[in-house]
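Just below is one structure, and these are the notes that go with it.
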Amino acid sequence: MGVNYAKVGDLKEGNYIVIDGEPCRVVEITKAKTGKHGAAKANVVAVSIFTGAKKTLMAPVDEQVEIPIIEKHVGQILADMGDKIQVMDMDTYETFEMEKPKEEELASKIRPGAEVEYWTIMGRRKIVRVK
């Protein structure tokens with residue numbers, strides 16, 4: 001399903017992680033050692049790539065977590081259809097519809113003919129940059 005695995009203790013800020021089935025970017029990690037024989041725990045705070053919602057994960061540092069595989073692509077906007085846009089991949093020439101970005105800085109640059117960088121993550125697409 002487009003994921004790899006890593007140990008919680010190996011994560012760093014800026015890494016990506018799957019929490020509750022949602023791909024997220026790690027914004028903060030705090031580690032705490034517990035008692036004499038307890039395993040160290042990590043508290044991971046992350047923000048959803050698609051919704052911007054904050055998610056937290058408290059887990060032992062040696063626990064395996066899913067890391068989303070991010071495929072980066074370049075496309076061209078063919079049409080602006082309100083809340084959706086039509087994009088053509090510049091490598092495969094595949095045409096598809098996707099949600100218009102909610103971030104004002106990106107949304108204001110959406111226009112037919114513009115080139116975009118979009119990511120495919122766990123079967124979902126997101127525009128991250130308008131050139």
What's the spacing between [X] [atom1] and [Y] [atom2] if we round to 0.5 Å?
| X | Y | atom1 | atom2 | result |
| --- | --- | --- | --- | --- |
| L78 | T95 | CG | OG1 | 5.5 Å |
| I110 | I85 | CD1 | CD1 | 4.5 Å |
| T51 | K102 | OG1 | NZ | 9.5 Å |

Taking atom CD of E117 as the centre, does the number of heavy atoms from other residues, nucleotides or ligands within less than 6.0 Å exceed 12?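 Yes, the 6.0 Å shell around CD holds more than 12 heavy atoms from other groups.
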
State, with a plain yes or no, whether a side-chain heavy atom of [X] is found less than 4.5 Å away from one of [Y].
| X | Y | answer |
| --- | --- | --- |
| V116 | I77 | yes |
| V18 | V65 | no |
| Q76 | P112 | no |
| V27 | R25 | yes |
| I29 | V45 | no |

Name all pairs fulfilling the salt bridge (Lys or Arg N to Asp or Glu O under 4.0 Å) condition that reach into residues 79-97, sequence neighbours left out, sorted by first residue then second.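 Those involving residues 79-97 are D80-K100, E94-R125.
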
Would [X] and [Y] show up in the same hydrophobic cluster when neighbours are defined by side-chain heavy atoms closer than 4.5 Å?
| X | Y | answer |
| --- | --- | --- |
| Y16 | V3 | yes |
| M122 | Y118 | no |
| V26 | V8 | yes |
| F96 | L106 | yes |
| V47 | I19 | no |

Considering residues at least two apart in sequence or located in another chain, which fulfil the side chain to side chain donor-acceptor pair (under 3.5 Å) criterion with E103?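 With neighbours one apart ignored, the set is K126.
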
All side chain to side chain contact (heavy atoms under 4.5 Å, CB included) counterparts of Q64, not counting sequence neighbours: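 Checked Q64 against side chain to side chain contact (heavy atoms under 4.5 Å, CB included); matches are Y5, K7.
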
Ring pair (Phe, Tyr, Trp, His ring centres under 6.0 Å) involving F50 - partner list, sequence neighbours excluded: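 For F50 there are no ring pair (Phe, Tyr, Trp, His ring centres under 6.0 Å) partners, ignoring immediate neighbours.
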
Partners passing salt bridge (charged side-chain N to carboxylate O under 4.0 Å, His left out) against E28 (at least two apart in sequence or in another chain):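 Expected list: none.
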
Passes side-chain contact (heavy atoms from CB on, under 4.5 Å), K41 versus K31? Steps please. CA-CA 6 Å; K41 292 238 190 306; K31 293 180 181 153; over 6 Å; no

Between I17 and L57, is a side-chain contact (heavy atoms from CB on, under 4.5 Å) present by the stated rule, with each step listed? CA-CA 10 Å; I17 181 176; L57 172 75; 3.8 Å; yes

Checking R111 side chain against K109 main chain: does a donor-acceptor pair fall under 3.5 Å?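 Yes; at least one donor-acceptor contact below 3.5 Å.
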
Closest non-hydrogen atom pair, S48 against C24: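 Smallest interatomic distance, heavy atoms only, reads CA-SG, 3.8 Å.
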
Review item, side-chain donor-acceptor pairs of residues 66-74, under 3.5 Å, at least two apart:
residue	atom	partner	partner atom	Å
E71	OE1	H73	NE2	3.4
H73	NE2	T120	OG1	3.4

